[in-house]
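The block underneath contains the structure these notes are about, expressed in structure tokens.
Heavy atoms only: backbone and side chains are in, while hydrogens, waters and symmetry mates are out. All values derive from a computational prediction rather than experimental measurement.
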Amino acid sequence: MVSGELTRRGLLRASLLGGGVLALAARGGVAAADPRPALDAGAARVLATTRRPWFPARWFRVTDFGAAGDGRTDCTTAFRHAIEACHRAGGGHVLVPPGNYATGAIHLLSNVDLHLEQGSRILFSTDPAAYLPVVYTRWQGIEFMNYSPLVYAFGQRNIAITGAGELDGQADATHWWDWKTPSDQEFAVLEAQANAGVPVPQRVFGPGFHFRPLFVQPYRCDTVLIEGVTFRNSPAWHLNPVLCRNVVVDGVTVASSGPNTDGCDPESCDGVVVTGCSFDTGDDCIAIKAGRNTDGRRVNVPCRDVLIERSSFADGHGGVTIGSEMTGGVRDVYARDLTMNSPNLRSGHRIKTNSVRGGYVENVHLGRITAGTIGGPVLLVDYSYGEGDTGEYPPTVTDINLSEWTVQACEQGWQMAGYPEDPIGRVALTDVTIASMSGTNVAEYVRDLELRRVSIGGRPVTGT
């Protein structure tokens with residue numbers, strides 16, 4: 001599989017280079033493919049092929065297993081016993097009634113829906129010991145053994161978190177978020193083990209290190225639903241399905257301002273629908289990922305068939321982001337009918353990679369986007385993220401389509417820079433209107449930038 005992917009990417013890069021380093025085209029009256037039918041056709045296909053779970057009408061109240069909604073009683077054992085009883089019975093719903101429930105890690109099992117009623121809050125402990133023993137997980141695209149995510153499942157099928165309640169990670173400046181600097185320093189230890197080929201079960205971290213637990217991480221699961229609930233104050237990434245199939249995130253609210261608090265990061269997944277959600281985060285609102293560097297090449301699984309629709313984006317580094325952990329490749333991404341509005345949103349669509357990451361991004365469609373203020377570029381394609389151009393795996397980025405964007409104000413329409421020997425491929429902007437732009441557009445080493453009915457400040461744009 002690795003050799004096949006590398007060969008395909010190598011041929012694509014060769015075709016890009018054969019056409020020259022930079023070509024710009026204004027395609028107002030020139031016959032060219034309209035990206036809008038491809039967007040809706042792709043979205044319809046992902047919706048039709050991504051399954052939602054089903055649960056029998058059995059109910060297991062956590063209070064019947066010893067949980068108390070007083071905000072003080074440790075309910076970890078009660079949650080575990082209720083989930084186990086539901087699983088043994090053949091599946092159903094673990095019901096969390098109104099109240100405040102203090103707990104450590106919650107591990108879901110097959111055919112279990114964790115259902116939070118209106119007025120219920122799950123308050124997760126800030127004691128690292130509440131997330132032991134260590135589990136098989138990922139940190140920024142590298143597999144290892146670490147503190148359990150707050151809600152975790154490994155190798156399960158037909159699982160869900162639903163309802164109108166709230167899950168609060170209780171992270172703040174003195175709980176979890178202050179681990180960012182030491183974890184950045186310790187990351188070299190993890191990366192060195194991955195580069196040396198140390199087996200994942202022997203990459204044991206946890207106590208003595210500072211890799212924060214993620215909020216929700218289904219790992220190698222099939223048919224996952226997260227619906228209706230609100231997530232606040234995560235230690236790190238909020239929703240990170242890894243190597244999963246059939247993932248639906250529906251009507252969810254995510255709100256955290258801490259470091260690395262990405263909203264939803266599907267990683268190496270097949271079939272993901274994010275619909276009707278609200279994101280206000282301290283990092284990327286949505287970031288589509290596929291593993292990192294040496295470890296990403298070992299696992300070598302792309303993220304594909306992703307649909308994002310009818311959602312809103314406030315603060316964050318990027319609205320819809322791809323990367324930077326994209327070594328396994330990302331393709332067939334569709335995003336439509338979105339709202340973006342915050343001067344603290346640094347970019348609308350962001351692709352971040354480098355020649356250490358490698359990988360590819362292909363067939364991406366984002367359309368019918370309404371944006372007020374974006375604090376940076378509408379489109380950002382960055383080949384110099386992180387390590388920059390210091391590796392031997394030049395990335396492939398091509399067939400990026402933005403259509404029907406209406407933006408009131410931004411810093412740039414686009415900021416794109418490939419490599420001279422490895423340019424960005426085809427990028428198409430169609431029916432994009434920017435009322436006000438404070439900076440200057442940049443397109444360096446882009447093979448084919450197609451502009452159709454693009455206007456900035458009321459004037460048609462025919463080049464950079």
Side-chain angles (χ1 to χ4, degrees), residues 25-28 30-50 249 264 266 272-279 284-288 303-313 316 318-322 330-341 345 347-351 361-374 376-381 397-410 412-416 424-435 437 441 448-456 460-461:
R27 305 290 178 93
V30 178
D34 186 337
R36 289 169 293 189
L39 166 61
D40 288 326
R45 180 178 59 79
V46 175
L47 281 172
T49 56
T50 303
V249 181
C264 182
V272 178
V273 175
V274 179
T275 183
C277 295
S278 174
F279 297 96
D284 293 318
C285 294
I286 290 178
I288 302 164
C303 201
R304 62 189 182 188
D305 287 345
V306 177
L307 169 62
I308 304 155
E309 63 175 5
R310 299 188 300 104
S311 296
S312 63
F313 303 82
V320 177
T321 295
I322 298 176
V330 175
R331 66 174 184 266
D332 303 333
V333 175
Y334 308 95
R336 62 183 181 178
D337 305 313
L338 308 179
T339 301
M340 301 181 183
N341 187 21
L345 182 64
S347 56
H349 180 40
R350 181 187 192 197
I351 299 174
V361 178
E362 300 173 0
N363 194 35
V364 176
H365 296 261
L366 287 85
R368 298 195 296 273
I369 314 296
T370 301
T373 298
I374 295 177
V378 172
L379 172 61
L380 172 61
V381 182
V397 175
T398 192
D399 199 14
I400 310 302
N401 300 275
L402 276 62
S403 62
E404 296 183 272
W405 282 62
T406 302
V407 181
Q408 293 303 310
C410 64
Q412 296 168 285
W414 49 89
Q415 168 70 51
M416 298 184 286
I424 298 164
R426 175 182 172 273
V427 178
L429 280 70
T430 303
D431 295 316
V432 173
T433 301
I434 299 171
M437 185 178 78
N441 293 324
D448 185 9
L449 174 58
E450 303 175 2
L451 305 178
R452 308 186 193 99
R453 300 178 297 281
V454 175
S455 68
I456 298 176
V461 178

Taking every non-hydrogen atom, the tightest pair across Val407 and Gly372: CG1-O, 4.0 Å
task: Calculate, to the nearest 0.5 Å, the distance between atoms CZ and CG belonging to Phe313 and Asp284 respectively.
output: 11.0 Å
query: Rounded to the nearest 0.5 Å, what separation is found between the CE atom of Met416 and the CD1 atom of Ile424?
result: 6.0 Å
task: Look at Asp431 together with Arg453 and state whether they make a salt bridge at an N to O cut-off of under 4.0 Å.
output: yes
- request: Starting from the C-alpha separation in whole Å, work towards a yes-or-no answer on side-chain hydrogen bond (donor to acceptor under 3.5 Å, both in side chains) for Tyr334 and Asn363.
  value: CA-CA 9 Å; Tyr334 308 95; Asn363 194 35; 3.2 Å; yes
query: Taking all atoms of both residues into account, what is the closest heavy-atom pair of Asn441 and Gln412, and its distance?
result: OD1-C, 3.8 Å
message: To the closest 0.5 Å, what do you measure between CD1 (Ile288) and CD1 (Ile351)?
response: 9.5 Å
- prompt: Any side-chain heavy atom of Asn341 sitting closer than 4.5 Å to one from Thr370?
  reply: no
- request: Determine the minimum heavy-atom distance between Leu402 and Val432, stating which atoms define it.
  value: O-CG2, 4.1 Å
message: Any non-hydrogen side-chain atom of Val427 less than 4.5 Å from a side-chain atom of Leu379?
response: yes
Shortest non-hydrogen contact from Cys410 toward Gly376: CB-O, 3.6 Å
message: For Asp305, is there an ion pair with Arg45 - N to carboxylate O distance below 4.0 angstrom?
response: yes
- prompt: What heavy-atom pair brings Leu39 and His365 nearest, and what distance separates the two atoms?
  reply: CD1-O, 3.7 Å
message: Evaluate Thr398 against Glu362 for side-chain hydrogen bond (donor to acceptor under 3.5 Å, both in side chains), listing each step before the verdict.
response: CA-CA 5 Å; Thr398 192; Glu362 300 173 0; over 6 Å; no
- prompt: Once you round to the nearest 0.5 Å, how far does OG of Ser278 lie from CZ of Arg310?
  reply: 13.0 Å
query: Hey, what do you get for CG (Leu366) to CG (Asp337), rounding to the nearest 0.5 Å?
result: 11.0 Å
message: I want to check something: taking the side chain as every heavy atom from C-beta on, are Leu47 and Val273 in contact at a cut-off of under 4.5 Å?
response: yes
task: Could you tell me whether the side chain of Ile322 reaches within less than 4.5 Å of the side chain of His349, counting heavy atoms only?
output: yes
Where Cys264 and Val274 come nearest, the two heavy atoms and their spacing: SG-CG2, 4.2 Å
- request: Tell me, with the steps shown, if Thr321 and Arg350 meet side-chain hydrogen bond (donor to acceptor under 3.5 Å, both in side chains).
  value: CA-CA 5 Å; Thr321 295; Arg350 181 187 192 197; 4.9 Å; no
- prompt: Could you give the distance from CH2 (Trp414) to CG (Leu451), rounded to the nearest 0.5 Å?
  reply: 4.5 Å
